[in-house]
Amino acid sequence: MTAQEVYELALALIDQAEGADTADYAARAPAVIDVLQKELAFYENTRITRSIKKLEDALELSEDTAERILPYGLAASFALADKNGDMYADYSAMYRALIRTVRGGEADVSDEYGALEGMR
């Protein structure tokens, strides 16, 4: 999924059609998507290797997280910039609630201190 696709989903959430009046959103979107992607990567237990610089850049999150959660974070950012408190509260709450549904990748755990030695 690309940043452009997330941007278009966020515009739909805030009920904006892409056009001349969305140029400001398009200019801010890559930086905001980059920050949100890094936050969500923490929850997915993945490593981001490159930053989002333009809307054509590909995301490094899972397709599910990028499509289901990221647009709400971007829409909340747009609403905050527009000083629309109601919309910001709704989308921010939805983003935070959806973050709790992210399932991180499995990681090998080692018993560095031998705390589990007697349990085997």
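Owing to the predicted nature of the structure, the values given are computational and were not obtained by experimental measurement.
In this structure the side chain of Thr101 reaches within 4.5 angstrom of the side chain of Ile69, judged on heavy atoms. Here the side chains of Pro30 and Asp57 are not in contact, with every heavy-atom distance at 4.5 Å or above. Counting only heavy atoms from C-beta outward, the side chains of Ile99 and Arg96 approach each other to under 4.5 Å. Looking only at side-chain heavy atoms (C-beta outward), Arg68 and Leu9 stay at 4.5 Å or farther from each other. With contacts defined as side-chain heavy-atom distances shorter than 4.5 Å, the pair Leu74/Tyr95 does not qualify. Taking the side chain as every heavy atom from C-beta outward, Ile33 and Leu70 approach each other to under 4.5 Å.
Taking each heavy atom of Ala10 and Pro71 in turn, the nearest pair found is CB-O, 3.7 Å. For Ala66 against Leu59, the heavy-atom pair with the smallest separation is CB-CD1, 3.7 Å.
Ionic pairing of Lys38 and Asp34 is present here: one or more N-O contacts between side-chain nitrogen and carboxylate oxygen are shorter than 4.0 angstrom.
Hydrophobic clustering of Ile, Leu, Val, Met, Phe, Trp and Tyr side chains at less than 4.5 Å, counting indirect connections, keeps Tyr88 apart from Leu11. Note on Tyr91 and Leu98: same hydrophobic cluster, where clusters join Ile, Leu, Val, Met, Phe, Trp and Tyr whose side-chain heavy atoms are under 4.5 Å apart, directly or indirectly. Residues Met1 and Tyr43 share a single hydrophobic cluster, defined by chaining ILVMFWY side chains whose heavy atoms lie under 4.5 Å apart. Met87 and Met94 fall within a single hydrophobic cluster, where Ile, Leu, Val, Met, Phe, Trp and Tyr side chains are chained together by heavy-atom contacts under 4.5 Å. With hydrophobic clusters built from ILVMFWY side chains whose heavy atoms lie under 4.5 angstrom apart, Val35 does not share a cluster with Ile52.
Interatomic distance, CD of Gln16 versus CG of Asp21, reported as 5.0 Å (0.5 Å rounding). Note that OG1 of Thr65 and CG of Leu36 are 12.5 Å apart. Values are rounded to the nearest 0.5 Å. In this structure, OG on Ser92 lies 8.5 Å from CG on Leu80, to the nearest 0.5 angstrom. Atom CD1 of Ile48 is separated from atom OG1 of Thr46 by 5.0 Å, given to the nearest 0.5 angstrom.
Classification of the Phe78-Tyr7 ring pair by plane angle, with boundaries at 30° and 60°, yields perpendicular.
A side-chain donor-acceptor contact under 3.5 Å links Glu60 to the backbone of Thr49. Remark: side-chain polar atoms of Thr22 are not paired, donor with acceptor, to backbone N or O of Tyr25 under 3.5 angstrom. Within the 3.5 Å criterion, the main-chain N or O of Thr2 finds a donor-acceptor partner in the side chain of Glu5.
Annotation: Glu67, atom CD; neighbour count of heavy atoms from other residues, nucleotides and ligands within 6.0 Å does not exceed 12.
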